[in-house]
Amino acid sequence: MGQKSAQKLIEAIEKSKSKPWSRVLYGLGIRHVGSSIAQTVTEKFDSVEKLATAKVTDIEAIYGIGVEIAESTHKWFRVEANQTLIERLKNTGLQFVEAQPAASSNISKKLEGKTFVVTGTLPSLSRDEAKELIQKFAGKVSNSISKNTDYLVVGENAGSKLTKAEKLGIAQLSEEQLLEMVKQ
DNA sequence: TCGCCTCGAGTTCA
DNA sequence: CTCGAGGCGA
């Protein structure tokens, strides 16, 4: 690896230290805890300390979390090696507390109560950006089409989700229409 | 038990 | 992207 790649690697590692607590929790590799569950958990436990000292029943009380995930998580924090790992990561500056989103009280909840699925390549937004946008306006983003889905945001080269959505008669949106929906 | 969902791993493609 | 395994809530 040459100078340039090495420099970029250093910078990327440095950048990773500012990733949110939810992402860090996911990164710990607790069984059954992926990105989605990690997000859910951090909404109720805004710091590692709170999660680490929570009882199984406290974790299980979260909607969407049952015994398996609660016990798996609780157990992980009882392992000594994991506790020292957390200490080390804290010392290197990772985020173990939920960062307060900049006073966004003025943001409307235009998409509240609606469930979206995004498929294909959108013209200007990346899939992640589209998901963030939907969540910002209080919409729910899922990854699989079901009859609970309200809208499928369709881009170029959509796959089987489009077929399934058609079969279920789910409303489709272009990126443009999505943006229109959240316009002030 | 059922339907919905997430996890996690493999695949495809630019 | 796809899909099977398996967890969750009703």
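Computed from a predicted model, the values in this text were never measured in an experiment.
Across residues 122-135 of chain A, A:Arg127 each have a non-hydrogen atom less than 4.0 Å from an atom of DNA chain C (numbered order).
Residues forming a side chain to side chain donor-acceptor pair (under 3.5 Å) with A:Ser174 (at least two apart in sequence, or on another chain): A:Gln177. A:Tyr26 is linked by a ring-ring contact (aromatic ring centres under 6.0 Å, His included) to nothing, counting only residues two or more places apart in sequence or in another chain. The side chain to side chain donor-acceptor pair (under 3.5 Å) test applied to A:Lys131 returns A:Asn143, not counting sequence neighbours. Under the ring-ring contact (aromatic ring centres under 6.0 Å, His included) criterion, A:Phe45 pairs with no residue, sequence neighbours left out. In this structure, the salt bridge (Lys or Arg N to Asp or Glu O under 4.0 Å) partners of A:Glu49, at least two apart in sequence or on a different chain, are A:Lys90. Listed by chain and number, the residues in a side chain to side chain donor-acceptor pair (under 3.5 Å) with A:Glu68 amount to none (sequence neighbours excluded).
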Tell me which donor-acceptor pairs under 3.5 Å the side chains of residues 80-88 of chain A have, and how far apart each pair is, sequence neighbours excluded?
residue	atom	partner	partner atom	Å
A:Asn82	ND2	A:Trp76	O	2.9
A:Gln83	NE2	A:Phe77	O	2.8
A:Thr84	OG1	A:Ala81	O	2.8

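Put simply, chain A comes within 4.0 Å of DNA chain B, heavy atom to any atom, from B:dG3 to B:dG8, going 5' to 3'.
Note on A:Ser146: only backbone sugar-phosphate atoms sit closer than 4.0 angstrom, heavy atoms only; bases stay farther off.
Through direct or indirect side-chain contacts shorter than 4.5 Å among Ile, Leu, Val, Met, Phe, Trp and Tyr, A:Ile10 is connected to no other residue.
Between A:Val24 and A:Val48, the closest side-chain pair of non-hydrogen atoms is not below 4.5 Å.
Here ring pair (Phe, Tyr, Trp, His ring centres under 6.0 Å) pairs that include residues 145-182 of chain A, with residues two or more places apart or in two chains, are A:Phe116-A:Tyr151.
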Protein-to-nucleotide contact annotation, 5' to 3' order, nucleotides 3-10 of chain C [B base; S sugar-phosphate only; - none; under 4.0 Å, heavy atom]: ----SSSS

